[in-house]
Amino acid sequence: MTSPTPTLVRLKLSLLKNGLRQSGGRRAAFVVSAVVAILFALSQLLGLLLLRGHAHADVVAVTGTAVLALGWAVLPLFFPTGDETLDPTRLVLLPLHPRPLVRALLTASLMGIGPLFTLLVLTGCALALAHGPAGYVVAVASVVLALLVCVALARAVAAANVRLLTSRRGRDLAVLSGLVIAVGAQVVNFGAQRLGSTGLGRLEPVADVLSWVPPASAMGAVRAASEGSYGTAIARLVLCAAALGLLIAVWARSLTRLMTAPDGSTLQAPDAGTRDHASRAGLGRLLPGGRTGTVMERSLRYVWRDPKTKAAWVTSLAIGLIVPVFNAVQGTGSVYFACFAAGMLGIQMYNQFGQDTSAFWMVATNISSARDAYTELRGRALALLVVTLPYAVLVTVLTSALLGAWARLPEVLGLSLALLGAMLATGAWTSARFPYSIPQEGHKNVAPGQAGLAWISIFGGMVAAALLSSPVIALAVWANVSADGDEWSWLLLPAGAAYGATLTFLGLRLAAPRTAARLPEILAAVSKG
């Protein structure tokens, strides 16, 4: 049987060449990205070479290789359209066996900016640790093995999740990728600050463990060979080679399943009765009955299924946790930062109808009175509370534990509940008074010409919420400055909860008549995008 490797290599080169022929802008973007990536990789290579002989060179090389492998494993999930050859289902109709196909795809995968970048960085890691003839020999084998493990890891993950990557869920991951990278950058920044103040010595135990985890074990083998521990070096290389063999086996098994198992397009869809039963047996069973439960279920499904709604929620969840917890860990925070949790999720109440986009017309046809509008708004608010209440409690307890400020826990939680109630009230009102459209395509969150409405709705509502929360804030200030305040600060929890619930009820009641009266204007505004 003729090997498919040369054919797939030529196919990969043709895909790259034809992609560059599409437009001058694409060619320019490719050239710029390639130059930037190579220059960055060369700078990393130079920096790693300068670490030769440094006491913590092994820490940088071993942990750097592990982070590089993690990137190869994760990035295909976030950028599934970055490489057309990531989807092996394109080859399903061809008479190919999995084993030769794996070898061919692995060879073709070694061409591109990503593998070149990885090769340069791995070379720098190996040279930073290599000393003596044995060290350099092992370094060559280690770089090759580590590169193959990284590429095979990416392909195995992509093949195992190819149904996800080519579906709507895959597009959801693409929307969320920017958020994950942003949050990850904050985590890396926090870690860098900690290491800058304490030194790389804190990572020595981590590097010792990673030196036995492929592909970082390949760099551990270079260090061991340079130190004369040849048995340890061979063991680590064998471990890396075994990991490569295991990844190839998993990859081949995934390819076999993809080429022989039917996908969703060939399976008969369940009938309506089965779907309704599954819905009632799942999320719907946990929610109240009637229209309120239906609205709650619809809102929660939007959060889970709509990419932009999901991205907004995950952003709020991440920032609401990162701000108080990271500041508490650094020792510069305050327990009152825990209010960020309730505040960030309270923002989701603003522009409720704009989140529905053009589908709001189906909701509008079922609203004929202020009572209907109140039920609709109440269901949306309760859906938000299902997530926000336990989340706010969790973040407040975690922040209090990190700072050792248990005495302030009831006070801060009461403030959070009052703020949340105020934001639910103002969010319901501004949703009816200042609705705006959220474009379904692209990364914009406001349709052209509606930026002013968005600013008024969100920031105006937040200012109003802060003013409405001022009585509870004043009580918290009194509890902190008064001599007898500590004895009564626990009352802020029930007071804040009652006050927030009252504000929510009044806000929904006041917003309901306006919502019913302005349905045509709301529908026109949210359908603009």
Side-chain angles (χ1 to χ4, degrees), residues 8-9 12-13 15-17 19-20 26-52 57-86 105-130 139-158 165 174 177-178 180-182 184-185 187-189 191-192 210 213-219 222 240 243-244 247 251:
L8 287 182
V9 169
K12 180 65 177 288
L13 293 175
L15 287 172
L16 292 174
K17 181 175 62 176
L20 296 178
R26 183 161 183 170
R27 286 193 297 272
F30 178 83
V31 172
V32 171
S33 61
V35 171
V36 171
I38 293 174
L39 289 178
F40 182 73
L42 290 174
S43 67
Q44 298 300 304
L45 173 62
L46 178 60
L48 289 166
L49 290 176
L50 294 176
L51 285 177
R52 285 178 58 84
D58 58 333
V59 174
V60 176
V62 172
T63 55
T65 303
V67 171
L68 199 61
L70 180 62
W72 273 92
V74 172
L75 288 181
L77 296 177
F78 290 132
F79 302 99
T81 59
D83 185 353
E84 293 86 347
T85 61
L86 276 175
L105 288 175
L106 184 61
T107 304
S109 301
L110 294 174
M111 295 179 296
I113 300 175
L116 178 59
F117 175 89
T118 305
L119 177 62
L120 291 174
V121 174
L122 290 176
T123 301
C125 291
L127 292 178
L129 302 177
V140 173
S142 297
V143 170
V144 174
L145 273 177
L147 178 62
L148 291 176
V149 167
C150 287
V151 176
L153 178 61
R155 294 292 167 160
V157 170
L165 299 181
S177 61
V180 174
I181 293 173
V187 174
V188 172
N189 180 52
L210 291 177
V213 178
S217 61
M219 297 303 142
V222 178
C240 193
L244 176 61
L247 286 172
W251 185 8

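- Of all non-hydrogen atoms in Leu247 and Val149, the two that sit nearest each other are CD1-O, 3.7 Å.
- Among the candidates Val144, Val151, Leu145, the single residue satisfying the side-chain contact (heavy atoms from CB on, under 4.5 Å) test with Leu147 is Val151.
- How far OG1 of Thr63 is from CG of Leu70: 12.0 Å, rounded to the nearest 0.5 Å.
- With rounding to the nearest 0.5 Å, the separation of CG in Leu110 from CG in Leu105 is 11.0 Å.
- Smallest separation of non-hydrogen atoms from Leu210 and Ala66: CD1-CB, 3.9 Å.
- Here the shortest heavy-atom pairing between Cys125 and Thr65 reads SG-OG1, 3.9 Å.
- The CG atom of Leu51 sits 10.0 Å away from the CG atom of Leu46 when rounded to the nearest 0.5 Å.
- For Phe117 against Ala37, the heavy-atom pair with the smallest separation is CD1-O, 3.4 Å.
- Contact record, Leu106 with Ala152: CD1-N, 4.2 Å, taken as the closest heavy-atom pair.
- Residue pairs satisfying the side chain to side chain donor-acceptor pair (under 3.5 Å) criterion with at least one member in residues 111-120, sequence neighbours excluded, are listed as follows: Trp72-Thr118.
- When all heavy atoms of Met219 and Leu129 are compared, the pair lying nearest together is O-CD1, 3.4 Å.
- Considering CD1 of Ile113 and CG of Leu116, their distance stands at 8.5 Å, rounded to 0.5 Å.
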